[in-house]
Engineer: 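Can you read through this structure? Questions will come right after.
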Amino acid sequence: MKNFSRRTIITIAVAIALVVVIIIAAVWNSTRSYDTYDIDKKFSIDGTKTLNFLPFAGGLLSYSRDGAQYYDSSGLTVWNESYNMQSPVVKTDGKRLIVYDRDGSSVVVMSETKELSVISTNHTIVMASVASDGTVAVLTQEGDTGYINLFSDDGTSLAGGQVHLSQTGYPMSLALSDDGSRLIVSFAYTDSTKLATRINIYDFTSAGDRKKDNIIADFEYRDTICPQVEFFSDGRAYAFTDSGVRIFSSGKSAKEDAKVSVKYDIDSVISGDSGFALIHRDSSNRKILTVYSEDGKKNFSMKLHKSYEKCSILENDQILVKSGKLIEIFGKNGHKRFSYRFPDDVVAFVPAEEQREFFLVQRDSTGIIRIG
């Protein structure tokens, strides 16, 4: 019995020691800062100053009015898609991507390996969205009538309906949930000479089939407009208005779950899979970044550099800030994880597949770097 008790005590002590080591390692890793980098690989991209760059499926996407090109996590060209669009807009979710021509009539659907389809519309495209399962939502318009249509990634029509804009208002934004089962759309309309917002949430499962026009919830907000709506990865939807943020539950009735009220004018919004950030100006006209968790709780707030250009939320909820030649990465608690001022102009700094790897796009060279 004594030997058994001694062994048990030793086992417990070892387990506790391992837990302590894991906690210390996690804390150390979450607070560790980097101020240098190594170049893993270099490759070339022609005309970087005329291109736009986005992360996609662990690789790098470049696009312009003439086409799009995808480079994998090793910097190798996977596909090069040519098109002719006056105002191309790219939307991504997981391993699905669409490029649509705003005010045009075509949507190109891509995966990380190839083109899947080209969707041609009969009316002018206002906006579109894609889900990670490949479902595509397209809102088109002709006169006073809007048309919402759903397609599979091979271009097959799934569902469709009309929206009478004189009743609903002008569409401002739309987004699909990750699984393609829900769609949220915001509309702006005039209420007694004042702008107001109407938000519809559509459900395309059996629950929505029992509702008129598949609308399972609708909301109206006075004296505010909503230029952007999104979905979190957990199925909750959120609406960014000029007076704050509304968060809607993923339950059957999609009720308003939380509200973030602000006393300042929002300059821009950055959204992620499980959080968001708002940028506004203080009394001295300095830009302020405030980061929130998915439930609307404030994580931290910080002043941005005067040379601030762009901010994004990475997959691990870290914040990437580009200010001219200066690149900074912050943890979800505001701790600075990386800071480096490059000697040459940085066209784009895009996360790669590995957590500490990034695509560094400059005027004359492109490379995959690893911060350390």
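From a predicted model like this one, the values you see are computed outputs, not experimental measurements. No hydrogens, no waters, no symmetry mates; every other heavy atom, side chains included, goes into these values.
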Engineer: Taking the six-membered ring for Trp, are His280 and Tyr264 parallel (under 30°), tilted (30 to 60°) or perpendicular (over 60°)?
Structural biologist: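 Because their plane-to-plane angle is under 30°, the rings of His280 and Tyr264 count as parallel.
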Engineer: Is the shortest distance from a Lys or Arg side-chain nitrogen in Arg281 or Asp267 to a carboxylate oxygen in the other one below 4.0 Å?
Structural biologist: yes
Engineer: Go through Arg370 and Asp40 one step at a time and tell me if the salt bridge (charged side-chain N to carboxylate O under 4.0 Å, His left out) criterion holds.
Structural biologist: CA-CA 7 Å; Arg370 182 176 180 84; Asp40 288 348; 5.6 Å; no
Engineer: With respect to Phe240, which candidate in Tyr221, Tyr292, Phe276 satisfies the ring-ring contact (aromatic ring centres under 6.0 Å, His included) definition?
Structural biologist: Phe276
Engineer: Under the salt bridge (Lys or Arg N to Asp or Glu O under 4.0 Å) test, which residues partner Asp257, sequence neighbours left out?
Structural biologist: Arg236
Engineer: Would Phe53 and Phe359 count as a close aromatic pair, with their ring centres under 6.0 Å?
Structural biologist: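 So the answer is no for these two rings.
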Engineer: Is it true that atom NZ of Lys322 has more than 12 heavy atoms of other residues, nucleotides or ligands lying nearer than 6.0 Å?
Structural biologist: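 Atom NZ in Lys322 is crowded, with more than 12 foreign heavy atoms closer than 6.0 Å.
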Engineer: Tell me every residue that passes salt bridge (Lys or Arg N to Asp or Glu O under 4.0 Å) with Glu357, counting only those two or more places apart in sequence or in another chain.
Structural biologist: none
Engineer: Partners of Asp154 by side chain to side chain contact (heavy atoms under 4.5 Å, CB included), sequence neighbours excluded?
Structural biologist: Ser152, Thr156
Engineer: Sorted by first residue and then second, give each ring-ring contact (aromatic ring centres under 6.0 Å, His included) pair with at least one member in residues 83-132; sequence neighbours left out.
Structural biologist: His123-Tyr147
Engineer: For residues 158-185, which residue pairs qualify under ring-ring contact (aromatic ring centres under 6.0 Å, His included), counting only residues two or more places apart or in two chains?
Structural biologist: none
Engineer: What residues form a side chain to side chain contact (heavy atoms under 4.5 Å, CB included) with Asp191, not counting sequence neighbours?
Structural biologist: Tyr189, Ala196, Arg222
Engineer: Ring-plane angle category for Phe349 and Phe358, please: parallel below 30°, perpendicular beyond 60°, tilted otherwise.
Structural biologist: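 It falls in the parallel class, under 30°.
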Engineer: Could you go through Ser250 and Asp234, starting from their C-alpha distance and side-chain angles, then the distance that decides it, and tell me whether this counts as side chain to side chain donor-acceptor pair (under 3.5 Å)?
Structural biologist: CA-CA 8 Å; Ser250 58; Asp234 65 0; 5.8 Å; no
